[in-house]
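Notes follow the structure.
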Number of protein chains: 2
Amino acid sequence: MPQPNAAPSPFRSREERERDREEKREAVLRAAVRMFNARGFHATSLDDVAASLGISKPTIYHYLGNKEQVLIECVTRGLELLSAAADTARAQPGNGLARLRSVLRRYSLVMMDDFGRCVVRTGDEFLSAEGAALFRARKRAIDLSIRALIEDGIADGSIAPLDVRMTAFALAGALNWPGRWHEPDGPLSAEQIADSMVDILISGLAPRT
Amino acid sequence: MPQPNAAPSPFRSREERERDREEKREAVLRAAVRMFNARGFHATSLDDVAASLGISKPTIYHYLGNKEQVLIECVTRGLELLSAAADTARAQPGNGLARLRSVLRRYSLVMMDDFGRCVVRTGDEFLSAEGAALFRARKRAIDLSIRALIEDGIADGSIAPLDVRMTAFALAGALNWPGRWHEPDGPLSAEQIADSMVDILISGLAPRT
DNA sequence: TAATCAATATACCCGTGAGTATAGAGGAGA
DNA sequence: TCTCCTCTATACTCACGGGTATATTGATTA
């Protein structure tokens, strides 16, 4: 076990090396997703990504295999954040509407994160057949948990008896959109946007008497 | 002037030739936009587009110049449909909410048309700097007319006093989304989807007592 | 009839970028 | 110490696809 004030040794243990490796992988992914979001997947070359990290292309291949893998990892990160957002609120207290509101808020925030944005900006066209199938399946699962929440709300009377499928699409569309236009350095914070959007969707445009 | 029952002559007049030309241009655009929507812009080669029409690549260049021009024409078509949707309802009777509803309905329908879909699916990244600037300007104009309508509605009391900008974004996002997932041959008609979406957005999720 | 123009094709050029072959440096383990 | 494994770079191959040079055909005009 390491001494309290031991000078950091240049000799790395097995775990340290593995942690290093993971860290580098992560750095590549972060750099890649930023560039994909900014310039688009096809317009970003792995040479560009490598250059932005001061490394060379084979290094990326060493850590991630090929370009599609890089994208799939990025998208998967995003999908996991989204799934997590959908699932944590499942266990929360409150009626259907309250739980849905909490999910929507989180979902919306993820969409303004690098990896979340990547999910909206990545069309099936960019992936191979298998990749696209997996992608669709995971998105469908998220859609289904939102629908389940809507159904709960309708059942307990906290949500109006709407067409569940269309409602889920409308919500997803509205909340995905910031992934397209929101810029992190802009004047509006992600939280403000999320709250505002969710309120509008829940209360609707028509005035409540 | 042509005889009533004249056999169609193989000799074409000046206007007929120009009409032919226009028709061919149009056919190229239609074929291109379909393929762009299905496979993505970068993944579609002009050779593919040409082959799908039984012609060769230089013919496309003859009519349209270069690949970006093809995309710009497609996007412009879509933007014009959208602008038209926003503007026709301006002159209509009714309060702000009624006019907004009519605009949203039309807007939503355009998004399920080939050229409309192209607008949502085309990110700024695909265009050159000038192209992107023009594109953004036209989208902004559409956004502004929707905001104006919302403001009218708030002023006359038919719409709740919401944050106008956020409301416009939420509406646009929700109505753009079908451009991503709706398939024309699916079971739901564009009209059904449009009506359903607009209703949900206007009345909101929370039950009206 | 000669000259011209529009429309179209074939065959090419060439830049870009994904992916790889190969080699070297340095630590880890035998 | 010798060997092996991990990490990284240099320098390459190769396909794809945007764009073009050039030829041909047939109709229009002088």
Side-chain angles (χ1 to χ4, degrees), chain A residues 8-29 31-32 35-36 38-74 122 125-128 131, chain B residues 8-29 31-33 35-36 38-74 122 125-129 131:
Chain A
S9 160
F11 298 92
R12 329 235 99 205
S13 72
R14 180 170 216 73
E15 306 87 50
E16 280 174 323
R17 286 214 311 284
E18 274 178 11
R19 207 158 40 76
D20 279 10
R21 189 183 165 84
E22 207 43 49
E23 216 171 286
K24 289 178 186 174
R25 234 179 104 95
E26 215 63 30
V28 171
L29 251 25
M35 288 183 107
F36 289 164
R39 309 191 197 170
F41 178 68
H42 284 294
T44 303
S45 78
L46 290 189
D47 279 314
D48 292 339
V49 176
S52 83
L53 289 164
I55 61 175
S56 70
K57 187 167 52 168
T59 300
I60 298 185
Y61 279 85
H62 180 71
Y63 286 104
L64 286 154
N66 64 27
K67 197 183 180 188
E68 190 185 358
Q69 271 310 311
V70 177
L71 180 59
I72 289 186
E73 287 268 347
C74 291
T122 301
E125 323 94 56
F126 298 161
L127 272 41
S128 65
Chain B
S9 160
F11 299 92
R12 330 235 98 203
S13 73
R14 178 171 218 71
E15 305 88 50
E16 280 174 322
R17 286 214 311 282
E18 275 179 8
R19 206 157 41 76
D20 279 11
R21 189 183 165 82
E22 207 42 48
E23 215 170 288
K24 289 178 185 172
R25 234 180 104 94
E26 215 62 28
V28 171
L29 250 28
V33 79
M35 288 184 105
F36 289 164
R39 307 190 199 171
F41 177 68
H42 284 294
T44 304
S45 77
L46 290 188
D47 279 315
D48 292 340
V49 177
S52 83
L53 290 163
I55 62 176
S56 71
K57 187 168 53 172
T59 301
I60 297 185
Y61 279 84
H62 180 70
Y63 287 104
L64 286 156
N66 64 27
K67 198 183 180 188
E68 191 184 357
Q69 270 310 310
V70 177
L71 181 59
I72 289 185
E73 287 267 346
C74 291
T122 301
E125 322 96 54
F126 298 162
L127 273 41
S128 64

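Letters A, B, ... are given to chains in the order of the sequence lines, protein chains preceding strands, and every chain is numbered from 1.
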B:Asn66 CG to D:dG17 C1', in whole Å, measures 14 Å
Nearest-angstrom distance from the residue atom CD1 of B:Ile60 to P of D:dG17
14 Å
Whole angstroms only, please: what is the CD-P distance between A:Glu22 and D:dT6?
16 Å
Which of D:dG19, C:dA7, C:dA9 is nearest the side chain of B:Thr59? It is C:dA9
B/S/- along nucleotides 20-26 of chain D (protein heavy atoms under 4.0 Å) is B------
Spacing of B:Glu68 atom CD relative to D:dG17 atom P, expressed in whole Å
19 Å
Residue-level proximity of residues 43-51 of chain B to DNA chain C when a heavy atom falls under 4.0 Å:
none
When all nucleic acid strands are considered with a 4.0 Å heavy-atom cut-off, which category describes A:Ser56: base, sugar-phosphate, or nothing?
base
Of the listed D:dG19, C:dT8, D:dT8, the closest approach to the A:His62 side chain comes from D:dT8
Mind calculating the distance between CZ (A:Arg21) and C1' (D:dC7) to the nearest angstrom?
9 Å
In whole Å, I'd like the distance from the CG atom of B:Leu53 to the P atom of C:dA7.
16 Å
Closest heavy-atom pair, B:Leu64 versus B:Gln69, reported as atoms and distance to 0.1 Å, is O-CB, 3.0 Å
